[in-house]
Amino acid sequence: MTDTIQRGRQIYEGKAKILYETDDPDLVIQYFKDEATAFNALKRGVIEGKGVLNNRISERLFLLLEGEGIPTHFIRHLSDREMLVKRLKIFPVEVIVRNLVAGSLAKRLGLEEGRTPPYPLVEFNYKNDALGDPLITEDHAVLLGAATPDQLQRMRAYALRVNDVLLKFFDERGLLLVDFKLEFGLHKGEILLGDEICPDTCRLWDKQTMEKLDKDRFRRDLGKVEEAYQEVCRRVCGE
Ligand code: UDP
């Protein structure tokens with residue numbers, strides 16, 4: 001590590017990231033791995049170099065969103081695979097925004113991929129591996145004690161603001177933001193955007209060719225997976 005922050009005990013290991021304590025109880029280190037999973041972890045693999053690229057892409061996007069007044073957990077870059085973030089109590093809901101029909105929405109409703117809804121759609125999924133992260137209504141989220149109606153309303157509003165910012169940012173770089181997943185958490189009573197924003201959590205299509213440049217290349221065995229992540233990083237970070 002090239003920093004004075006000391007990496008402490010591992011708090012949590014997820015499918016793509018590890019969280020470590022630091023000597024400050026309010027701050028944690030988010031470490032990005034190369035491992036990838038899909039279909040509720042039924043498919044597993046490694047995308048060589050993904051952790052480094054996702055750390056870089058997420059950093060760029062968190063800084064962009066902070067600049068637009070959207071509060072995030074991001075504090076600063078630590079190393080190739082690590083960022084320093086505020087410790088959050090994550091709401092057990094995934095907030096998904098969709099600009100085009102794809103993935104589970106296409107499947108569930110029998111719609112063609114690529115169809116444009118009249119306005120961006122917001123969905124909530126309950127984070128529960130045993131149940132396969134089911135789609136839930138806001139009432140269900142309240143019933144489950146996952147968040148209050150007010151917190152859900154705030155997460156929805158933030159998610160749509162994030163969409164406005166990211167849609168424009170990606171468009172300027174020749175990328176179509178099809179859909180993405182966000183996670184929010186509480187830090188000292190404040191709702192912050194957490195987790196990561198990268199090709200693991202966003203669908204990104206090349207505007208000209210409609211080529212998929214995201215985790216669908218891994219999910220659907222489309223090949224050139226590493227190349228897609230590198231291309232997104234190049235366009236987002238200008239490298
Ligand atoms: N997504 C994610 N994690 C999940 C589920 C979805 O990052 O556990 C992202 C996914 O990459 C896509 C968007 O959320 O950009 C919508 O995913 P969808 O509901 O279509 O599910 P999928 O068919 O991709 O599992």
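All values derive from a computational prediction rather than experimental measurement. Just follow the structure's listing: the first ligand is 1, and inside any ligand the first atom is 1.
Within the structure, the closest approach of R219 to ligand 1 falls below 4.0 Å when heavy atoms are considered. Distances from ligand 1 to the non-hydrogen atoms of K215 include no value under 4.0 Å.
Between the side chain of D214 and the backbone N or O of L204, at least one donor-acceptor pair lies under 3.5 Å. When atom types are taken as modelled, the side chain of R217 and the backbone of K212 share a donor-acceptor pair closer than 3.5 angstrom.
If you look at A38 next to ligand 1, there are no close heavy atoms at all, none under 4.0 Å. The side chain of E94, and not its backbone, has at least one atom closer than 4.0 Å to an atom of ligand 1 (non-hydrogen atoms only; side chain from C-beta on).
Taking every non-hydrogen atom of R203 and a distance limit under 4.0 Å, the qualifying atoms of ligand 1 come out as 12 (C), 15 (O), 16 (C), 17 (O), 18 (P), 20 (O), 22 (P), 23 (O), 24 (O). Each of the atoms 15 (O) of ligand 1 lies under 4.0 Å from some heavy atom of C202. Of all atoms in ligand 1, numbered sequentially from 1 with element shown, those under 4.0 Å from a heavy atom of D200 are 7 (O), 11 (O). Against a heavy-atom cut-off of under 4.0 Å, D179 is close to the following atoms of ligand 1: 12 (C), 13 (C), 15 (O), 16 (C). Atoms of ligand 1 found under 4.0 Å from any heavy atom of G103 (numbered from 1 in listed order, with element): 20 (O), 23 (O). Taking every non-hydrogen atom of R98 and a distance limit under 4.0 Å, the qualifying atoms of ligand 1 come out as 16 (C), 18 (P), 19 (O), 20 (O).
Using a 4.0 Å cut-off between a side-chain N of Lys or Arg and a carboxylate O of Asp or Glu, K17 and D195 qualify as a salt bridge.
Between D200 and Y229, the side chains place a donor N or O and an acceptor N or O closer than 3.5 Å (distance only, hydrogens not considered). For the residue pair R98 and T116, no side-chain donor N or O sits within less than 3.5 Å of a side-chain acceptor on the partner.
In this pair, Y31 and Y20 present their aromatic rings perpendicular. The plane angle is above 60°, beyond the 30 to 60° band. Aromatic ring pairs are classed by plane angle as parallel below 30°, tilted from 30° to 60° and perpendicular above 60°; the pair Y158 and F184 is parallel.
Checked against side chain to side chain contact (heavy atoms under 4.5 Å, CB included), R173 has the following partners two or more places apart in sequence or in another chain: R60, F169, R235.
Counting protein heavy atoms only, atom 2 (C) of ligand 1 is closest to K181 CE, 3.5 Å. I96 CD1, 4.2 Å is the protein heavy atom nearest to atom 6 (C) of ligand 1.
Within the model, atoms CZ of F32 and OG of S58 stand 4.0 Å from one another, a figure rounded to the nearest 0.5 Å.
In this comparison of C198, S104, P199, the heavy atom closest to atom 20 (O) of ligand 1 sits on S104.
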